[in-house]
Amino acid sequence: MEFLNELNESQRKAVEYIDGASLVIAGAGSGKTRVLTYKIAYLLKKGIHPTSILALTFTNKAAREMKERIASMVGEKTARYLWMGTFHSVFSRILRAEADKTDFSKNFSIYDSSDSNSLIKSIIKDLKLDEKQYKASQVHARISFAKNNLITPETYRTNADLAKADLYSKMPRLVDIYEIYSQRCKQADAMDFDDLLLQTNLLFRNRPDVLQKYRDAFSYILVDEYQDTNFAQYLIVRKLSEEHQRICVVGDDAQSIYSFRGANIDNILKFRNSYTNTQVFKLEQNYRSTQNIVNAANSLIDKNSEQIRKTVFSEKETGKPIKILNTFTDLEEGVVVAENINHLKFSQNFSYKEIAILYRTNSQSRVLEEALRKKGIPYRIYGGLSFYQRKEIKDVIAYCRLVVNHNDEEALKRIINVPARGIGDTTVAKLLDCARTQAVSVWDVLNDMLAYNLQVNAGTATKLANFRKVISVFAAQTETLNAYELMLQIVKVSGIINDTYVDKSPEAMSRQENVQELLKAVHEFCEQKTKAGETALLTDFLSEVSLLTDQDTGDDGESEKITMMTVHAAKGLEFRAVFIVGMEEDLFPSAYSLDSDRSLEEERRLFYVAITRAEELCFISYSKTRFRNGKTNMSNPSRFIRDIDPQYLDAPSERPETRWKESADWDEDFEFERKSFQRDSFKPRPVENTYVQPRKNLTKVGDAHLQTSKQIIENKNLPVGAFVKHAVFGIGKVLETTVTDGNEKAEIDFGEKGKKSLLLKFAKLELL
DNA sequence: CTTAGTAGGCTTTTT
DNA sequence: GCCTACTAAG
């Protein structure tokens, strides 16, 4: 196995140890993924069948990339059969396969957090509790915490500590909400994210035969990012592996940054207690960063008390010290960062795609965007509102969910009046009430409004019946049409698109495009599945789509744009140059983390993650003032900057003009400065080199559309046979043009991407 | 029932 | 500053 020669001593030892439990502590940039992939390849070469290897990751992206790398080593035919994916996707698959042994059907819906929150909100209303006292998101966090720790409503009720905590946080009836929430989820045949782990645990607990089946099936188990596992995940892994002990977990306690999601750093710190005879392997050589960056990061993390001690070192060049940038305002911070980026680009031989700006909170991206745009620096923002969370996408998905699972109440509530069909809040409330009092689903009521004695007038009853009919017609086709064909039907017939056709606003155009994009994704999904000989029904698509995040839709990474994202999102990535912005008290570390040492240490680890993303250059910036939540606040440099050994820093003495002013005229000066920045921002932007990911505020996207629309074809007659270029589909040939309702439509052959029928006023075609 | 407009609330990170 | 939830008018 000559590929083992590509590993260093400790990596190779970690790969070759396959006889028992092992813990691989992998420092930042030490080739963690490499060990994991080589180990799987090693197992395969040793003759272990791919179907008996279970490899769990935290993102779909990580799973996909690892699978690709393994495929290149052992061949696609073998790699295809590996059980590799996120905890959530692997166990949702198992839960569907074993549905007859659970309280759910095999087509259960998956509630995302907004579905959960909306359900919780309605329960709080039903219980006539004060919505300010019981905030849905907080209640959800409590329920999520309980589920992650495998506390069911019944056990919750018997737990005095929890009762005390709830009383203390003024939510004594939390357990009642939790109980009803669980019932309603069951009634709707829906699981939330946490259920996927909880229900798996319940299944394994209640059905030893099922547990045994999977114990036997998975003869080797590997877990990536083990420091981010929560109790539910820990227990699943443990149950599956405790018999044969062939388990390998990989992680870095110094990069544990997801405790807010229930991750428990003790899982990795105490792994050795759970598996006696654990072999520990430490990967300490960092291949990513210069010595300066590694040393600076080490000196920072050294300030944490809870950690597995290790000596991460680099044998790369010494490199440059971390440069500290300080400015007076957050706007200026953006400008300075932009200037430095251009310096790197034009005098230091950096390309934009090698540069990243990292921040603590998504809201910081706004000012930075503005500064970059002014300088004409192309960028791509990751995070924020993901594709699958956009309203129009969620609407289409909700239709699909309801078609597949009629009991999916959140989906039903979402679209029963989308587009407006005269079924208002009052009617919906009546429906819900009726369903609730008779302990049936809303769909049951719709099916027999008379039997359930639904009190609505004849007109409303007809509207409801029509709605039911529409969904039923779709449902009748779930087995005959594939996901794409059915979703196309749904989009066309339901009328979701119609109102956006009429509406010519930029927002509507953007929505239209997003739906097209979704259809395209489904189309690709179907082609892939069909090629692999698997079914491509709507249920198949839905079971995957609910677990996708925008990280997975994220494109090439090849385009010449700088990357902007939160530090959390940057974990696992690397860039030649990294700018960490907003290093100020109350922002980074976040004000929320200050009440406990544990959470403060997590913030420090987060900063550690940020620094260790950098290969060559790292910049840290902070500002004296920052505009936040509609107000300007003064801020002090983050304590974490002082945690870094100054010998690795290049910190200039403060520029006089940015020094904190305490005189009475400070406010005026400040206002002046802000306005002067804002005035500039209204200049036209170089749209062609900036890509703005559609986000919460769609007006910016709209602007971009308006400006690009000059060079594209609008409602003009397009010659048949002409060649055109589309932003997504590429170059195509016009086959036919038609006019419907005054809108010109063209049938265009995009070769490999297939034939598409596009509305010219939306398609942004460029005539070639 | 729908829409538009406004007041009030809230703002960490996300599989 | 943004989003939501409520209110008033069509």
Side-chain angles (χ1 to χ4, degrees), chain A residues 56-63 85-92 110 112-114 116-118 121 125 131-132 135-138 140-141 144 148 192-197 224-225 228-230 232-233 256-263 330 358-364 366-367 382-386 388-389 391 416-429 456-457 459-460 463 499 546-552 565-571 582 586-594 599 602-603 605-607 609-610 626-633 678 695-699:
Chain A
L56 298 165
T57 63
F58 269 81
T59 62
N60 293 297
K61 194 173 157 219
T86 63
F87 273 91
H88 291 86
S89 70
V90 166
F91 294 110
S92 71
I110 295 177
D112 68 14
S113 8
S114 66
S116 299
N117 279 331
S118 123
K121 198 176 274 179
K125 266 188 194 153
E131 281 179 78
K132 279 167 199 150
K135 278 185 290 189
S137 59
Q138 273 186 31
H140 184 214
S144 177
N148 286 160
D192 64 16
F193 283 126
D194 305 313
D195 275 327
L196 297 173
L197 306 173
D224 191 14
E225 307 281 14
D228 288 330
T229 49
N230 60 35
Q233 291 164 324
S256 164
I257 55 174
Y258 281 107
S259 74
F260 68 93
R261 225 172 56 201
D330 49 349
L358 307 182
Y359 33 79
R360 179 66 241 263
T361 65
N362 277 309
S363 55
Q364 287 166 259
R366 219 174 199 89
V367 237
Y382 291 80
L385 199 61
S386 88
Y388 290 102
Q389 285 172 355
K391 187 187 171 301
I416 192 165
N417 202 27
V418 175
R421 46 170 76 84
I423 304 172
D425 293 344
T426 330
T427 310
V428 174
V456 289
N457 62 42
T460 311
K463 289 170 187 164
D499 56 337
S546 332
L547 297 169
L548 288 181
T549 62
D550 62 322
Q551 302 255 318
D552 304 307
M565 54 171 61
T566 63
V567 182
H568 281 89
K571 197 171 83 162
D586 290 351
L587 182 59
F588 202 166
S590 147
Y592 290 76
S593 72
L594 299 179
S599 53
E602 175 150 320
E603 292 284 306
R605 291 194 292 270
L606 189 59
F607 187 33
V609 168
R626 182 166 298 274
F627 195 66
R628 263 221 284 179
N629 311 334
K631 278 210 297 274
T632 11
N633 297 310
Q678 286 183 337
R695 30 191 316 191
K696 288 173 195 159
N697 177 358
L698 286 167
T699 51

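Letters A, B, ... mirror the listed sequences (proteins, then strands); counts begin at 1. Computed from a prediction, not measured in an experiment: that's the story for all the values here.
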Does a salt bridge link A:D228 with A:R261, judged by any charged N lying under 4.0 Å from a carboxylate O? no
Tell me: NZ of A:K391 to P of C:dT4, nearest whole Å? 11 Å
List every contact pair, protein side and nucleotides 3-9 of chain B side both N or O, where the distance is under 3.5 Å.
none

Among C:dG1, B:dT13, B:dT15, the one nearest A:H88 by side-chain distance: B:dT15
Whole angstroms only, please: what is the CD-C1' distance between A:Q233 and B:dT14? 13 Å
Length of the line joining A:F58:CZ and B:dT13:C1', which is rounded to integer Å: 15 Å
Spell out yes or no: do the side chain of A:H568 and the base of B:dT14 have one donor N/O and one acceptor N/O closer than 3.5 Å? no
Whether A:N60 contacts B:dT15 is assessed here as follows: a side-chain N or O lying under 4.0 Å from the phosphate OP1 or OP2. Is that the case? no
Nearest-neighbour nucleotide for the A:A569 side chain, B:dT11, B:dT2, B:dT14 considered: B:dT14
Base B:dT13 to side chain A:R261, donor-acceptor N/O within 3.5 Å cut-off: no
Return yes if some donor-acceptor pair links the side-chain N/O of A:S593 with the main-chain N/O of A:S590 below 3.5 Å, else return no. yes
How do A:I257 and A:I423 order along DNA chain B: which one's closest nucleotide is nearer the 5' end? A:I423
Give one of base, sugar-phosphate or nothing for A:S593, where a contact means two heavy atoms less than 4.0 Å apart. nothing
Which value, in whole Å, describes the distance between the C1' atoms of nucleotides C:dT4 and B:dT13? 22 Å
How close or far is atom P of B:dT12 from atom CD of A:Q138, stated in whole angstroms? 11 Å
Rounded to whole Å, CG of A:D112 lies from C1' of B:dT15 at a distance of 12 Å
If I compare all heavy atoms of A:F91 with all of A:L196, which pair ends up nearest, and what's the gap? CB-O, 4.2 Å
Starting at atom CD1 of A:I416, determine the distance to atom P of B:dC1, rounded to an integer number of angstrom. 11 Å
Whole-Å gap separating P (C:dC2) and CZ (A:R366): 5 Å
Determine whether the aromatic ring of A:Y258 stacks with the base of B:dT13, defined as ring centroids separated by less than 5.5 Å and ring planes inclined by less than 30°. no
Let me know, please, whether A:T460 or A:T566 comes out on the 5' side of the other along DNA chain B by nearest nucleotide. A:T460
Residue-phosphate contact under 4.0 Å: A:N417 side-chain N/O, B:dT2 OP1/OP2: yes
Any side-chain N or O of A:T427 below 4.0 angstrom from OP1/OP2 of B:dC1? yes
Less than 4.0 angstrom between a side-chain N/O of A:K121 and OP1 or OP2 of C:dA5, yes or no? yes
Does A:S363 put a side-chain nitrogen or oxygen below 4.0 Å from OP1 or OP2 of C:dC2? no
For the side chain of A:N417 and the backbone of A:A420, is there at least one donor-acceptor N/O pair under 3.5 Å apart? no
Side-chain donor/acceptor of A:R360 to backbone N/O of A:L587, under 3.5 Å: no
Please tell me if A:T426 has a side-chain N or O lying less than 4.0 Å from either OP1 or OP2 of B:dC1. yes
Could you check whether A:F260 and A:H568 have their ring centres less than 6.0 Å apart? yes
Length of the line joining A:R628:CZ and B:dT12:P, which is rounded to integer Å: 9 Å
State whether a side-chain donor-acceptor pair under 3.5 Å links A:S599 with A:E602. no
Over all strands shown, is A:D228 touching base, sugar-phosphate only, or nothing at heavy-atom distances under 4.0 angstrom? nothing
Testing the 3.5 Å rule here: is there a donor-acceptor pair between the side chains of A:N117 and A:S114? no
Go through the side-chain N and O atoms of A:S116 and A:S113 and say whether any donor and acceptor fall under 3.5 Å apart. no
If only side-chain N and O atoms of A:N362 are considered, is one of them under 4.0 Å from the OP1 or OP2 phosphate oxygen of B:dT11? no
